[in-house]
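Every heavy atom of this structure was used, including side-chain atoms; hydrogens, water molecules and symmetry mates were not. Letters A, B, ... are given to chains in the order of the sequence lines, protein chains preceding strands, and every chain is numbered from 1.
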Amino acid sequence: MFFSKQITQWYTTHKRDLPWRNTKEAYPIWLSEIMLQQTRVDQGLPYFLKFLEHFPKVENLAEATEEKVLKLWQGLGYYSRARNLHATAKYITENLNGEFPNTKDSLLQLKGVGDYTSSAIASFAFNEATPVVDGNVNRVLSRYFGIDLPVNESAGQNLIKEKAIEVLDKKNPALHNQAIMEFGALQCKPKNPYCHICPLQSKCVAYQQGMVERLPVKIKKTKVQTRFLNYFVLIDPNQNTIVQQRKGKGIWENLFEFPVAEFSKKPKLIEVEKEMRSIFPIEISSTEKANLKPVIHLLSHRKLIADFYILKIQSLQKNTFQKNQKLLNLSELETVPVPVLMANFIKEYLL
DNA sequence: AAGTCGGGGGG
DNA sequence: CCCCCAGACTT
């Protein structure tokens, strides 16, 4: 009881005013939880407001096209969340009469809803006494109990979940869960936590033993791979161009991009040109490399280096298109969902 | 159990 | 430059 008492008291005076906390409706709570997966509150908030504006009810989201959902999601990353969000909205609208499941176990069946998110929705919307365990909770509990097992392995994660149940205020799970996460985000931060004014100080094992900065322990995994993307921007005299939708299961699934040749090693210009001509067996009147230095994009475990080639051609013929390709005027490029990497290029060079 | 999936912020 | 963020899903 000490733990929950302290953090909820801390919460009532330090909490941020966030829109999804002012409701018990499952729809906006679900929406916020999906958006905030691996995403900072500050980054997700504008998207949350934008989505509620376009889709006030889950039915409105269900009726939208996936392309529109992806467009609104553009820039938030992890686009499978947007596809699963849309699929789940349709499922709830068409099969569940627009009513969200109201238990953790039933919520867990929804696409894109895992262990954390099902607990979050069940506790926030339906007051189910189930603990949330996210990055914040891993940090707070590993420090408070002095757990030095890696939190991203099953043994450590299981122990954290045990402790999360142990400290959970079963009478006020919604308040407790909000409090412990907010506490992790604002007080028990990854770097430079405010231990000197912490209400848990007296019982925090990590603080007592001076291991706060060492916890939580995580096993590292990253081996950075580089991908070389060579985009071909065809432009005809009417300012039309071709984009194509990424299919398959890789990065940016279902987003649009210019026709591309990908390499795992830095290609020679000859190789790029060869790929270009196999993709477009057409007359090219002039080629210019659009940007002198390539666009370098760093992701968590990957480095993307993108070169853009602008190809001026006499005419784009519809019958040469593949199924997933679209003919667009340059001014229409802003209407289709594209990776941020491309959006930046488009804004700088084509509009 | 290990990989993959984005993009941005902070030290 | 590296780590982290209201994780889930696939292999």
Identify whether any heavy atom of [X] sits under 4.0 Å from a base atom; if not, whether one sits that close to sugar-phosphate; answer base, sugar-phosphate or nothing.
X        : answer
A:Arg16  : nothing
A:Gln157 : nothing
A:Arg139 : sugar-phosphate
A:Leu76  : base
A:Val132 : nothing
A:Thr117 : sugar-phosphate
A:Ser80  : nothing
A:Trp20  : base

**Request:** Report yes or no: is there a donor-acceptor pair, N or O only, under 3.5 Å between the side chain of A:Arg40 and the base of C:dC4?
**Result:**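 A donor-acceptor contact between them is present.
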
When you get a sec, tell me which of [options] is the closest nucleotide to the side chain of [X]?
X        : options               : value
A:Asn192 : C:dT11, C:dA6, B:dG11 : B:dG11
A:Met181 : C:dA6, B:dT4, B:dG6   : C:dA6
A:Ser154 : C:dT11, C:dA6, B:dA1  : B:dA1
A:Leu299 : C:dG7, B:dG7, B:dT4   : B:dG7

**Asked** Ring centroid separation for A:Phe3 and A:Tyr144, is it under 6.0 angstrom?
**Response**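 Aromatic pair counts; centres sit under 6.0 Å.
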
Once you round it to whole Å, what is the distance between [atom2] of [N] and [atom1] of [X]?
X        : N      : atom1 : atom2 : value
A:His297 : B:dC5  : NE2   : P     : 13 Å
A:Leu215 : C:dC4  : CG    : P     : 12 Å
A:Gln38  : C:dG7  : CD    : P     : 5 Å
A:Glu213 : B:dG10 : CD    : C1'   : 14 Å
A:Asp115 : C:dA6  : CG    : C1'   : 13 Å
A:Leu186 : C:dC4  : CG    : P     : 18 Å

**4.5 Å side-chain heavy-atom contact, A:Trp252 and A:Tyr79** = yes

**P gap between C:dA6 and B:dG3, integer Å** =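 Here C:dA6 and B:dG3 have their P atoms 25 Å from each other.
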
**Message:** Can you check the distance between B:dG8 and C:dC9, where both ends of the measurement are the P atom (answer in whole Å)?
**Reply:** 24 Å

**Asked** Under 4.0 Å between a Lys/Arg side-chain N and an Asp/Glu carboxylate O for A:Glu66 and A:Arg83?
**Response**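 No, no charged N to carboxylate O under 4.0 Å.
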
**Message:** Between A:Lys68 and A:Glu63 (salt bridge meaning N to carboxylate O under 4.0 Å), is one present in this structure?
**Reply:** no

**Asked** Hey, is the side chain of A:Tyr78 poking within less than 4.0 Å of OP1 or OP2 on B:dT4, counting only N and O atoms?
**Response**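 For B:dT4, neither OP1 nor OP2 has a side-chain N or O of A:Tyr78 closer than 4.0 Å.
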
**Request:** Measure the CE-NZ distance between A:Met342 and A:Lys347 for me, rounded to the nearest 0.5 Å.
**Result:** 13.5 Å

**Base paired to B:dG6 (Watson-Crick or G-U; both N/O distances under 3.5 angstrom)** = none

